[in-house]
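Read through the structure below, which is laid out as structure tokens, and then see the notes.
Residue numbers start from 1 in every chain, and the chains themselves are labelled A, B, ... in the order their sequence lines are given, proteins ahead of strands.
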Amino acid sequence: MVEFALNHAWLVPLLPALAFVIIVFLTQRWKRLSSLVSITAMLGSFVIASIIAYGVFTNHEFIEKSLVYSLKWFGMEGFNINVGVMLDPTSSMMLFMVSLVASLIQIYSTGYMKGDPQYSLFFAYLSLFGASMLGLIISSNLLQLFVMWELVGLCSYLLIGFYTFKVSAREAAKKAFMTTRIGDFGMLLGILFLQIKFGTLDLVELAAAIPMFEQFGVSLGLLTLIALLFFMGPVAKSGQFPLHVWLPDAMEGPTPVSALIHAATMVVAGVYLIGRTLFLYVQVPGAMEVVAAIGAFTALFAAAIAITQREIKRILAYSTVSQLGYMMLALGVGSLSASMFHLWTHAFFKALMFLAAGSVLHALHNKADVWDMGGLIKKMPITGWTFVVGGLAIAGIPPFAGFWSKDEILVVTMEYAKHGHALGYVLFGMAAFTAFLTAFYMWRMIFLTFFGKEKAENHPHESPWSMTAPLIVLAVMASIGGLIGTPWANIWGEWINFGEVHHAEPALGLMLLSVILALAGIGLAYTLYCKDGEKKTARKLAENYQSLYQLSYNKFYIDEVYAWFTQKIVDGTARVTYYFDIYFVDGIVNGIAAVTRGSGKGLRYLQTGSMQTYALVFFLAILVITVVLAFGSPSLASIMGGVK
Amino acid sequence: MTFPILTTTLLAPILAALIIVFLPKENDKLCKSVAAVGTGIALALSLYVYFGYDQSVGGLQWVDFGQPVPWIKDLGVTWYMAVDGLSLPMLLLTNLIGFTAVFASWNVTHRAKELMILLLVLIAGVMGTFIAQDLFIFLLFYEIVVIPIYIMVVIWGSSKRVTKEYAGMKLTIYLLMGSAFLLAGVIALFVNSVNITGIADMSFEGLAQVAFPEQLQIYLFALLLIGFGSLLSMWPFHSWSPDGYAGAPTAVSMIHAGILKKIGGYGLIRLAIVVLPLGARFWAPYMAVLGVIGVAYAAMGALAQKDLKYVVGYSSVSHMGYVLLGLASLGIIGINGAVAAMFAHGVMAALFFSMIGFIYERTHTRWIPDMGGLAHYTPKLAVGFMMAGMASLGLPGLITFIPEFTIFVETFKVFGLLAVIGIAGIIITALYVLRAAANTLFGPARPEFSHIKDLKGPEMVPLIVLGTVLVVGGILPSLLFDMIDSGVAPLLAHINDVLQIGGR
């Protein structure tokens with residue numbers, strides 16, 4: 001059975017793809033049936049993915065050599081593309097995680113989306129997304145991966161704009177597509193470079209060819225350029241600065257979508273992709289530094305925005321951006337293990353928090369401002385306490401999952417610094433400070449939402465089982481999911497790594513530091529937003545540091561800059577081009593026509609005048625052109641007469 | 001003597017047109033049905049020919065009557081109907097669009113009988129250009145195409161910025177001007193070939209064997225480039241295209257953007273590049289520059305539009321820039337990509353124009369700011385619109401992506417930074433497509449459109465047929481690419497031979 005699953009890994013994406021087709025063409029009319037089809041397919045994928053994970057993680061061979069099989073997709077002389085499956089511990093882990101989270105979120109959605117007129121369509125989209133995402137994970141070829149990459153982007157677009165009657169949703173969807181497209185442009189150039197220089201896009205062949213890049217006539221500078229261009233794709237998809245702007249707006253989509261696509265799975269595709277192509281990045285230290293720096297900066301930058309946001313999903317979105325920055329940082333300092341580990345734990349605790357937030361929104365009828373909430377934990381205990389588990393995990397309190405993975409990232413960053421990279425100390429400082437901010441803004445939200453005084457106008461109620469059961473499963477994963485990667489028994493690092501297996505000594509000092517930072521953050525949040533019932537200090541702080549507060553609250557005005565650029569520069573150029581076209585280019589055309597027509601009229605008066613004007617225009621035009629061409633230049637005249 | 005299946009395919013719409021002549025004009029449904037049957041037969045036959053073509057053998061197959069039939073002996077003109085991997089995708093495209101164009105005109109009641117007759121003649125004319133292997137016949141069919149288009153635009157057209165008479169006139173004069181250049185070039189080509197070889201032979205195959213001197217090739221190529229280029233809406237000879245499409249009735253826009261333009265690209269390969277490789281080598285860098293300008297310029301132009309048809313009109317100019325760029329690479333990958341892109345764009349543009357046509361019939365506007373929220377009332381129409389839009393912006397998984405990518409692979413290698421500017425066009429394309437889609441389909445439902453109905457019955461045909469091709473071609477690109485490669489590879493081998501012998 002294990003053998004079968006390993007050799008038929010393409011079934012994992014295929015099942016949800018079939019579900020999509022079935023729902024769209026057959027079952028759309030029956031809502032329950034549609035969701036049943038979708039969930040069954042995803043659970044089927046989950047089962048196969050689990051067997052695959054079992055097969056891969058019980059066989060040490062797969063660490064060294066991935067299982068690859070492929071077939072020809074299309075080709076011609078000098079350009080052949082195969083599509084196939086590439087299984088190794090990293091991709092198996094991803095398959096397992098994505099199919100699990102997707103199954104849970106689909107179950108959750110049966111409750112959350114109940115009563116929506118587009119219920120079936122929602123499940124169709126979720127299935128299509130699942131298929132593309134799982135397909136992305138197993139891709140053995142960069143072009144195949146790019147196709148899936150764009151398809152998850154399409155699903156993201158469709159699902160962000162799912163509430164088509166909302167203008168804000170429509171605009172957010174467009175923004176998401178456009179921003180990621182800018183990244184994809186760079187990525188496409190990177191892929192083209194690889195194809196042209198190395199003659200292949202197959203991941204295995206590339207991994208073998210790139211270390212010998214000089215034999216392919218590629219200089220280190222060019223390889224760095226390729227790596228950086230390629231990195232633009234992940235920057236956009238994984239919401240890294242400066243292309244992060246779409247991700248917070250993406251929260252316009254239904255909450256299960258935010259949890260699945262914009263927290264747990266699609267947005268980490270960029271991280272996964274860099275991990276997949278780490279063989280390229282390790283060759284170019286310059287590009288690695290950029291990855292690390294952008295990651296660390298994004299982590300800090302997004303956290304600095306999150307501390308002042310008011311909407312529950314927006315806070316979570318900036319937190320996602322920030323955590324993705326951590327993952328990029330880990331990759332940039334060269335640790336696939338740490339990055340993938342954080343990706344793994346983050347998927348659970350962030351999906352958990354989004355779903356819990358969805359449960360809150362469901363109960364409060366989409367009232368999103370955390371300042372209007374309070375004391376919800378009494379009426380919604382399951383939602384509240386699972387959220388608290390998520391909060392502990394992301395803040396980095398042991399033994400919850402986030403602690404271990406974040407600690408690992410701090411450790412590898414510190415080691416990077418110690419190995420002669422002065423930049424490493426700065427990155428470490430940023431990462432550590434981000435840890436403090438994370439604990440603070442997350443618990444600010446938790447205290448404001450679930451603790452403190454209840455608001456009389458709210459009538460919260462606990463959500464149905466279909467929604468709370470996934471929360472509980474995710475809460476369990478968020479609690480214990482990190483135990484497979486503790487420094488004392490780092491099973492994770494043994495399996496998922498790049499190059500030499502890395503054995504870090506348990507760094508107790510760093511652990512202590514990160515716990516202190518987390519507790520300090522939680523403590524500060526408690527003092528400001530829970531102990532102080534009137535939140536006087538918090539308000540006063542905001543008033544005293546008005547400019548800083550506004551800067552953070554307005555997201556450093558990046559959106560405004562982009563909007564200005566699009567509306568003034570791009571649209572301005574477009575208008576100029578258009579006017580140039582209708583007045584200058586067309587002006588010449590019309591001018592020629594007018595001259596011809598004028599002479600035609602003149603001739604008509606000389607003659608009988610019975611011919612249609614345009615017939616004359618035709619005739620004259622042809623005549624004039626032929627004559628001019630034939631006799632206008634001596635060489636052309638010789639052509640018309642043939643070569644003597 | 002083999003059965004002349006290509007001539008039969010050509011005659012199917014003509015026969016249908018002849019039958020319609022004798023039908024009562026009050027019974028427009030009957031006229032349309034006969035047209036649908038005629039184009040349907042042509043489509044079925046071209047599918048049969050497409051999948052019956054033996055790619056491992058390659059070359060010209062399905063030769064009607066087994067061999068060229070002499071027609072005008074003194075000029076070496078023969079009735080030479082045959083197809084290879086280059087013609088077949090274009091033939092299939094013609095019939096896919098021709099068939100769906102009938103259904104896209106299903107709601108036309110104003111002089112429907114005449115519309116159908118002209119439409120069928122138009123389809124036959126276009127088809128003829130792709131299956132004729134004789135230059136003279138090729139030109140003959142090309143001229144046949146021009147006349148029905150003018151009449152159709154003037155009678156059934158509609159426009160806002162310019163009058164439909166202006167649009168029709170502009171379209172026609174441009175086409176005729178292009179053909180004047182073409183004609184001059186072709187005559188010179190023929191005269192010289194007779195002088196060099198002493199034999200009058202008008203077949204493409206024969207002309208390709210003639211060793212024209214390099215200087216002559218350069219001059220002739222320029223004439224053909226202007227001629228075919230204006231048909232392909234090559235910048236700066238593009239300005240007929242947005243006005244023309246906007247003025248034309250849906251079926252004409254579909255056929256014009258979908259296939260007629262492709263005669264330009266097809267002719268550039270079949271005649272200009274293959275017969276005049278040295279000229280092609282000289283002009284290739286200029287073609288690439290014009291192609292890139294076309295991509296960027298028209299994409300910017302599309303961004304400034306508020307009329308849906310103008311958006312797609314400019315967009316098609318922009319896409320043809322990619323085709324020109326691919327052709328200019330003069331490499332097998334780039335030309336394969338360019339041909340595939342012509343096919344892909346044809347399907348996409350036809351679907352786009354048919355959907356816009358349906359929207360216009362329902363809302364009586366194409367002005368984007370006046371629309372919004374249509375998806376609430378017409379979900380199926382919205383699906384078609386979105387599929388076309390997504391194909392337009394080159395979404396992977398749809399037919400347009402792999403051809404574009406293939407073009408990029410070659411042109412990036414050959415032209416470097418110049419190609420990058422062209423590739424950057426994908427960003428602008430996404431911007432105008434998504435804006436048009438968002439402002440037309442999404443947002444709050446508008447009560448003034450609450451009466452409009454979704455696609456149903458015959459109106460579904462364009463969406464089903466073209467949508468299927470979009471998806472299948474995206475998932476299985478080899479269906480298209482293997483065919484094109486079998487046609488382009490021998491041509492390219494010939495060109496490379498010439499370039500090596502005749503090159504410096």
Proximity breakdown for [X] and chain A, heavy-atom pairs closer than 4.5 Å:
X: V420(B); answer: both
X: A430(B); answer: both
X: F401(B); answer: side chain
X: F481(B); answer: side chain
X: Y174(B); answer: side chain
X: E410(B); answer: neither
X: A302(B); answer: neither
X: Y166(B); answer: side chain

* Return the set of residues passing salt bridge (Lys or Arg N to Asp or Glu O under 4.0 Å) with E252(A) (not counting sequence neighbours), or none when no residue passes. => K166(A)
* Least distance between heavy atoms, R181(A) atom then L393(B) atom -> NH1-O, 2.8 Å
Could you measure the distance from the [atom1] atom of [X] to the [atom2] atom of [Y]? Nearest 0.5 Å is fine.
X: F408(B); Y: L188(A); atom1: CZ; atom2: CG; answer: 6.5 Å
X: D581(A); Y: M300(B); atom1: CG; atom2: CE; answer: 13.0 Å
X: T164(A); Y: L374(B); atom1: OG1; atom2: CG; answer: 11.5 Å
X: I426(B); Y: F185(A); atom1: CD1; atom2: CZ; answer: 7.0 Å
X: L480(B); Y: F74(A); atom1: CG; atom2: CZ; answer: 10.5 Å
X: E171(A); Y: L434(B); atom1: CD; atom2: CG; answer: 10.5 Å

Under 4.5 Å heavy-atom distance to chain B, tell me which part of [X] shows up: side chain, backbone, both or neither.
X: I582(A); result: side chain
X: V83(A); result: neither
X: L121(A); result: neither
X: Y157(A); result: side chain
X: K72(A); result: side chain
X: F193(A); result: both

Validation row: [X], [Y] side chains within 4.5 angstrom (heavy atoms):
X: F405(B); Y: L192(A); answer: yes
X: L395(B); Y: L151(A); answer: yes
X: I484(B); Y: M76(A); answer: no
X: W73(A); Y: I402(B); answer: yes

* Asked: Hey, which of V167(A), L189(A), T566(A) has the most heavy atom pairs under 4.5 Å with chain B?
  -> L189(A)
* Would you mind telling me which of E77(A), K174(A), R575(A) has the largest number of heavy-atom pairs within less than 4.5 Å of chain B? => K174(A)
Which residue out of [options] racks up the most heavy-atom pairs below 4.5 Å with chain A?
options: G372(B), P477(B), S239(B); value: P477(B)
options: G443(B), G301(B), G397(B), A304(B); value: G443(B)
options: K170(B), K413(B), Q305(B); value: Q305(B)
options: D485(B), L476(B), I427(B), L303(B); value: I427(B)

* Asked: Got a sec: does the CZ of F584(A) have more than 12 other heavy atoms crowding it under 6.0 Å?
  -> no
* On the 0 to 90° scale, with breaks at 30° and 60°, tag the F165(A)-H376(B) ring pair as parallel, tilted or perpendicular. => tilted
* To do: Check the pair I333(B) / Q195(A) against side chain to side chain contact (heavy atoms under 4.5 Å, CB included), numbers first and verdict last.
  => CA-CA 12 Å; I333(B) 303 176; Q195(A) 167 68 34; 6.0 Å; no
